[in-house]
4 protein chains.
Amino acid sequence: MSAEPGPRPRRSGRPAEARKDPSAIAATRPAGPTAAEQTSSGPRRNEAARLAVLNAADDLLVERGFEGLTIEGIAARAGVAKQTIYRWWKSKVDILYDNLVLDAEEALRWPEPAEGADPSVADLRDYLHRFAAFLGEAPAGRVLQALLGHAQLDARTAGLLHDGFLRELRARDTERVRACLAEPDQRGEVDADEAAALLDDLLAPLYYRALLALAPADPAELDRRLDRALRARAAG
Amino acid sequence: MSAEPGPRPRRSGRPAEARKDPSAIAATRPAGPTAAEQTSSGPRRNEAARLAVLNAADDLLVERGFEGLTIEGIAARAGVAKQTIYRWWKSKVDILYDNLVLDAEEALRWPEPAEGADPSVADLRDYLHRFAAFLGEAPAGRVLQALLGHAQLDARTAGLLHDGFLRELRARDTERVRACLAEPDQRGEVDADEAAALLDDLLAPLYYRALLALAPADPAELDRRLDRALRARAAG
Amino acid sequence: MSAEPGPRPRRSGRPAEARKDPSAIAATRPAGPTAAEQTSSGPRRNEAARLAVLNAADDLLVERGFEGLTIEGIAARAGVAKQTIYRWWKSKVDILYDNLVLDAEEALRWPEPAEGADPSVADLRDYLHRFAAFLGEAPAGRVLQALLGHAQLDARTAGLLHDGFLRELRARDTERVRACLAEPDQRGEVDADEAAALLDDLLAPLYYRALLALAPADPAELDRRLDRALRARAAG
Amino acid sequence: MSAEPGPRPRRSGRPAEARKDPSAIAATRPAGPTAAEQTSSGPRRNEAARLAVLNAADDLLVERGFEGLTIEGIAARAGVAKQTIYRWWKSKVDILYDNLVLDAEEALRWPEPAEGADPSVADLRDYLHRFAAFLGEAPAGRVLQALLGHAQLDARTAGLLHDGFLRELRARDTERVRACLAEPDQRGEVDADEAAALLDDLLAPLYYRALLALAPADPAELDRRLDRALRARAAG
DNA sequence: CATTAAGCGAGACGGTACGTCCCGTCTTGTC
DNA sequence: GACAAGACGGGACGTACCGTCTCGCTTAATG
């Protein structure tokens, strides 16, 4: 499925076919209710159906919006029985959540902290830019937007999104920020709270602009903001 | 919160009765589809029904959440026919919007720029605190949260909320910020973009924390953040 | 309003205007809730509104059928307030009933039993033909059909139509039949039951064909049927 | 009436329970939208729901009349979802129509033209009596009355009733009348038009009396009328 | 000649039922 | 036992009319 750089050809366009295709996704761990630990007899979970559902949900979200997204619509579009959806997911939110996890896993990946090379502020800068892009991109950004929106309206969604995704993302990112700031030429150790606060200060405007439908921050401003934060930290 | 004088006991509790009561609201301009310009003859809009609907919507939002809020439920609770609701509002979103406007008008009021007394940084500081409180308070904060959430899912809601409310609020507040910063002992004129950016920087974390279900900012942090922003401005 | 022959120009066409017009109808007693015994002060009943309602009901019955006929529709078409209708009629059935009475009064009139000329079998024959025509004509026949139909569904309508109209019509016609058969050259007195039975035998097929949507009886058959009945009577 | 043996206690009374029960009806072909030709897989039509709806409609028609009969009422009484009704019937008229067909099939059955025994005038006489009884009986007669009434008000009902039921009934009965009159001791062949006319003459008074709410014909009169018609035919 | 009580156009109101959409569960038969 | 198909009980939708009820205006007869 080709790792990093490429423009993620499979999901960008609307042609719908050949996206999240079996061959490709099979490599990544099937987030959510998965191929499972198959103990009993009978047929295994149908992987094609799973992918058809995930893609149909993405498509319909983009085409009709969250309110126009229905289980029946997904089933029809995916050529799948309703029961097959209910067997593996609790609600349309859970389907979108799976898509979010799949997309975020790719788009919000940090560079492997491979041999020799230490994490650096450049990594953080890159991550910020990718994060901003993620929010604006379809369908990934639309999915996150929808889930964030629905989390304001429904406690189950809020639990799933906040506890299951955002909290872990923040924890992981906080750790990475600490690593980035601990470079030799920086001022040494950073405690976790400080790193989390810095991360929040960098991300808050991104969410703010996305959710209030303001113009997205342009890359230059992101850089300025990061520099300012680093300077403030250096100053004490 | 409640800087101002007026005893606003009517909406704080859940008792539902004697809130948004005719006598009180009659004073404030009846936002949204209203008693109106009554050109023809014929019966006037029933003010009691209007208030019953607004209050029922608030109550049910708090009790059952946005998804559990239905037009039929509101009608039943308010003792009103469904058609009476549809006559004056397009959807439950419009009802909540009216409530939001009504509440914001009271809670997010700036001190009158009365004679002699110039607007000051203290006003801005106070406003920030009241804004943070507004986001946390029920039902007002819940209403805003629900509308912000639903705006992510539905274009009409987004239009209503962003264009009809948030944009104007931001414009008004930007102007106030300029006035506050233009105090004699401050550095003189502030241009609108600068003021807007400062405002955004102050509000973004508040929205961020509210919508991502993080702990709300405590007042002391708000002060620190404001001071830092003013210092940065003073520095250059 | 011109007695018999004329093609009743006022109601035949659909142009709707100038039918049942004030000048013409004013002569006939305003069936149903009427100009009344006016005791108090204030304005009298508006005759123009009454006629507009009656005509609008006829028109809409023909255009949209009984089920599509609504008080609101009549009010709108007649340019009249709903309340004005409810003030004078209990239901759309009552409006149609007034139309029926008005129409029947004209179309089902027997020749005046004027001086010298005795009623004759020819009168009965003529009446039969006019009755058959009445059932087929619009809007009169449609009104009777609708009321007869609705009388099967609703006891109030049945009471109004049967007790208020059909019974009286039958009684009057029975009397006329007796008179027709009592001609010198006929077999003398006819008792009322016998006359009623003869009338029923003549009318039953007309109703039967109309209500079961069979082809209407042609005039020649009516004549044959009448002759046969008279012969049977003569035979004993 | 009830020529046949079978105990048909299930629909006569109002007790509502144990009428049109599965075991009994299963024998008769389920008129109307039925268990059908089941081509695909998937769940079959729920027979219990179908019967519950049919019985509920009958009951409510008798209890509340046609105007008081609503789809919601039927659904509630039958313990069925509205959608289940709309899935199989277009309107309450169609439900009543199914009941009519079911009832007529039983009550208006001619004796099997079994071996040896030729159809006779006695069969026709018996049929006439059963027909008259059918019109007066509840719920069957009420259903026919309601449908005949509504057919005057609504073209769809008229089409269904006249084309779907009455026309076929008349054709079948005409054929039977021909057979009855073709007995050895009768005057030989009867042409179809003549038989239809005779049938109409016998039935018209029955409908006439039923629909105009006159006293129903008593059996003796039916016999007299039949005899008179036969004599007239014999006479030429 | 003003008073005043109705009639009137307009239309808001509390209601009932409509016919539709989708929910989540279930049943049936196939693979 | 997973699956496609789809019927089922349920709940809410938004609409159409019902019949009742103000409104403010107009229009006579009466005091």
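A, B, ... follow the sequence lines: proteins, then strands. Residue 1 opens every chain. Just the heavy atoms: all of them, side chains too, but no hydrogens, waters or symmetry mates, feed the values below.
As a whole-Å value, the separation of D/R77 CZ from F/dG9 P is 17 Å. Atom CD in B/E67 sits about 14 Å away from atom C1' in F/dG11, given to the nearest Å. C/R45 has its CZ atom 17 Å from the C1' atom of F/dT27, to the nearest Å. Nucleotide E/dC8 holds its P atom 10 Å from the CD atom of C/E47, rounded to whole Å. The CD1-C1' distance, from C/I85 to F/dT20, rounds to 15 Å in whole Å. Look at CD1 on D/I74: it is 14 Å from P on F/dG9, rounded to the nearest Å. B/R87 has its CZ atom 12 Å from the C1' atom of E/dG15, to the nearest Å.
Checked by atom type and distance alone, the side chain of D/R44 pairs as donor or acceptor with a backbone atom of D/G42 at under 3.5 Å.
For the side chain to side chain contact (heavy atoms under 4.5 Å, CB included) test, residues two or more places apart in sequence or in another chain that qualify with C/A146 are C/L61, C/F66, D/L153. Scanning for ring pair (Phe, Tyr, Trp, His ring centres under 6.0 Å) contacts around B/Y97 gives an empty result, with sequence neighbours left out. Listed by chain and residue number, D/E72 satisfy the side chain to side chain donor-acceptor pair (under 3.5 Å) test with D/K82 (two or more places apart in sequence, or in another chain). Evaluation of the side chain to side chain contact (heavy atoms under 4.5 Å, CB included) rule for C/A81 yields C/T84 as partners, not counting sequence neighbours. When the side chain to side chain donor-acceptor pair (under 3.5 Å) test is applied to C/R156, the partners found at least two apart in sequence or on another chain are C/D94.
Contact annotation: C/R44 reaches the phosphate of F/dA29 (side-chain N/O to OP1 or OP2, under 4.0 Å). Between A/T84 and F/dA2 there is no side-chain polar atom (N or O) within less than 4.0 angstrom of OP1 or OP2. Put simply, B/W88 has a side-chain N or O that comes within less than 4.0 Å of OP1 or OP2 on E/dC13.
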Annotated protein contacts, base or backbone, on nucleotides 18-25 of chain E with a non-hydrogen cut-off under 4.0 Å, one of B, S, - each
BBBBSBBB

